[in-house]
Amino acid sequence: MSEPRVEIDRDACIGAGNCVRYAPQAFDLDDDDIAIVLEPGSEPPEALRRAEQGCPSGAIFVTTESQ
Ligand code: SF4
């Protein structure tokens, strides 16, 4: 199984931190409170999907094999 791909539109991110709550091993906030990608393969795909859908600014794009 290949790694899920996760991209963040850092210009759109408003630093709400929902993604970190949903998938703490896949996301973190940097010093400017903008999201960065850590290790998306460490989270189940459902958690990545929840983060994608829970982002208030639609800044997360997840691609998994199950699509
Ligand atoms: S949920 Fe969206 S807006 Fe909030 S920190 Fe994550 S990427 Fe940024």
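Every number for a ligand or one of its atoms is a count from 1 in the order of the listing. Heavy atoms only: backbone and side chains are in, while hydrogens, waters and symmetry mates are out.
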Starting from [atom], find the nearest protein heavy-atom neighbour and note its residue, name and distance.
atom: atom 2 (Fe) of ligand 1; answer: Cys55 SG, 2.2 Å
atom: atom 8 (Fe) of ligand 1; answer: Cys13 SG, 2.3 Å
atom: atom 5 (S) of ligand 1; answer: Gly17 N, 3.2 Å
atom: atom 6 (Fe) of ligand 1; answer: Cys19 SG, 2.3 Å

Let me see the working for Asn18 and Cys55 under side-chain contact (heavy atoms from CB on, under 4.5 Å), right down to the final yes or no.
CA-CA 6 Å; Asn18 297 17; Cys55 174; 5.9 Å; no
Taking it one step at a time, do Val6 and Ile60 satisfy side-chain contact (heavy atoms from CB on, under 4.5 Å)?
CA-CA 7 Å; Val6 177; Ile60 298 175; 4.3 Å; yes
Give the numbers and elements of all ligand 1 atoms closer than 4.0 Å to a heavy atom of [X].
X: Ile60; value: 7 (S)
X: Ile14; value: 3 (S), 8 (Fe)
X: Ser57; value: 3 (S)

Are Glu46 and Arg49 ion-paired here, with the side-chain N under 4.0 Å from a carboxylate O?
no
A quick test of your reading: do over 12 heavy atoms of other residues, nucleotides or ligands sit less than 6.0 Å from CZ of Arg5?
no
As an exercise, state the distance from CZ of Phe61 to CD1 of Ile8, rounded to the nearest 0.5 Å.
10.0 Å
Give a yes/no on ligand 1: does Leu29 have at least one heavy atom closer than 4.0 angstrom to it?
yes
Worked check of side-chain contact (heavy atoms from CB on, under 4.5 Å) between Glu43 and Gln25
CA-CA 6 Å; Glu43 294 282 358; Gln25 297 182 85; 3.2 Å; yes
